[in-house]
Amino acid sequence: MKIASWNVNSLNVRLPHLEQWLADFAPDVVGIQETKLEDHKFPDTRLLELGYRNVFAGQKTYNGVALLSRHPIEDVQIGIPGFEDEQKRVIAGTVNGVRIINLYVVNGQDVGTDKYEYKLRWLAAVHDWIADELHKHPQLVVLGDFNIAPDERDVPDPMVWNENHILTSTAERAGLRKILELGLHDGFRLHNDEGGIFSWWDYRAAGFRRNLGLRIDLTLVSDALKPRAQASGIDREPRTWDRPSDHAPAWVQLAQG
DNA sequence: ATGGTAGTCTCACTA
């Protein structure tokens, strides 16, 4: 089962790319972030025509998440239970017995801002919820745009992307580490050791051409699923297309359970 | 330290 995460940065603009990529890559499940679409504008019938069941939680202009699947999606959850949040950043469902949590983690703007404080509170809340989910569903994948680069291999220059910088700060990485310590593994790092493999490149300053990016889109697999994780990677191809998203899809493949 | 680009019921905000 191929499971992927892709921040499309407006599904309205990127639907042709998504359609092309679904045809090329044939994922079983995709977690989408930054749809930027209200629910009544979500292209649900078009995606069904392409063979993808879908569930979604959106809003105007910002945020918005969805799950697409070739197989039935059960027990759908929108948002973090008990955490009041107007921003649509979380959707979860169960596919073929695997619980899949799709996250659009808060960006945080800059260290020390209100948005940064919101990011840290949000990470603490999602941590506590994932702990509960892991007890109910040992076979768990947590994927999404984490807006955190796990370590120095995941940035072009650790002197710039340091412990005081947004997306790499000590508190953000500690928040991610606490989530991993619940019993999750960075799927990409199960099969790839090298640095300089990124999933996001800033539109500005020719980031993609110069490979000045970050690896912030992650697919985490639980202890119970780790033996089934047989391959993983980042598909740079859609980032080369005309008018691309600034993110590329990150994926992990599970052997039949 | 700044600025660069892209998306959105924009002339500002988020990323």
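Here the structure is a predicted model, which is why all the values come from computation and not from measurement. We name chains A, B, ... by the order of the sequence lines, and we start the count at 1 in each one.
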Check: residues 180-189 of chain A side-chain donor-acceptor pairs under 3.5 Å, at least two apart:
residue	atom	partner	partner atom	Å
A/His185	NE2	A/Asp223	OD1	2.6
A/Asp186	OD1	A/Phe188	N	3.3
A/Asp186	OD1	A/Arg215	NH1	3.2
A/Asp186	OD2	A/Arg215	NH1	3.3
A/Asp186	OD2	A/Arg215	NH2	2.7
A/Arg189	NH1	A/Asn192	O	3.0
A/Arg189	NH1	A/Glu194	O	2.9
A/Arg189	NH2	A/Asp154	OD1	2.7
A/Arg189	NH2	A/Glu194	O	3.4

Taking [M] as the reference, what is the distance to [N] when you measure between their [atom1] atoms (whole Å, please)?
N	M	atom1	answer
B/dC9	B/dA15	P	15 Å
B/dA1	B/dA6	P	26 Å
B/dG3	B/dG7	P	22 Å

For the atom pair CZ (A/Arg153) and CD1 (A/Ile197), what is the distance rounded to the nearest 0.5 Å?
11.0 Å

When rounded to the nearest 0.5 angstrom, what distance separates CG in A/Leu143 from CG in A/Asp217?
10.0 Å

Any ring-ring contact (aromatic ring centres under 6.0 Å, His included) pairs touching residues 42-70 of chain A, not counting sequence neighbours?
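Only A/Phe42-A/Phe56 qualify under ring-ring contact (aromatic ring centres under 6.0 Å, His included).
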
Could you give the [atom1]-to-[atom2] distance, from [X] to [N], as a whole number of Å?
X	N	atom1	atom2	result
A/His247	B/dT5	NE2	P	18 Å
A/Gln33	B/dA15	CD	C1'	14 Å
A/Asp246	B/dT14	CG	P	16 Å
A/Trp200	B/dT5	CH2	P	14 Å
A/Asn9	B/dG7	CG	P	6 Å
A/Ile166	B/dA15	CD1	P	10 Å
A/Gln87	B/dC13	CD	C1'	12 Å
A/Arg89	B/dA15	CZ	P	6 Å

Quick check: on DNA chain B, is the nucleotide nearest A/Glu34 upstream (toward 5') of the one nearest A/Pro244, or the reverse? Name the residue that is more 5'.
A/Pro244

Using a 4.5 Å cut-off on heavy atoms from C-beta on, say whether the side chain of A/Pro249 contacts that of A/Trp21.
yes

Is a donor from one side chain sitting under 3.5 angstrom from an acceptor on the other, for A/Trp122 and A/Asp85?
yes

Pair A/Trp200-A/Asp145, side-chain donor/acceptor within less than 3.5 Å:
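A/Asp145 and A/Trp200 do not have a side-chain donor-acceptor pair below 3.5 Å.
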
Protein and nucleotides 9-12 of chain B: nitrogen or oxygen contacts under 3.5 angstrom:
residue	atom	partner	partner atom	Å
B/dC9	OP1	A/Thr61	OG1	3.3

Is the phosphate of [N] approached by [X] (side-chain N or O, under 4.0 Å from OP1 or OP2)?
X	N	result
A/Arg204	B/dT2	no
A/Arg243	B/dG7	yes
A/Ser10	B/dT8	yes

Select base, sugar-phosphate, or nothing to describe what A/Tyr104 touches, counting heavy atoms under 4.0 Å on all strands.
sugar-phosphate

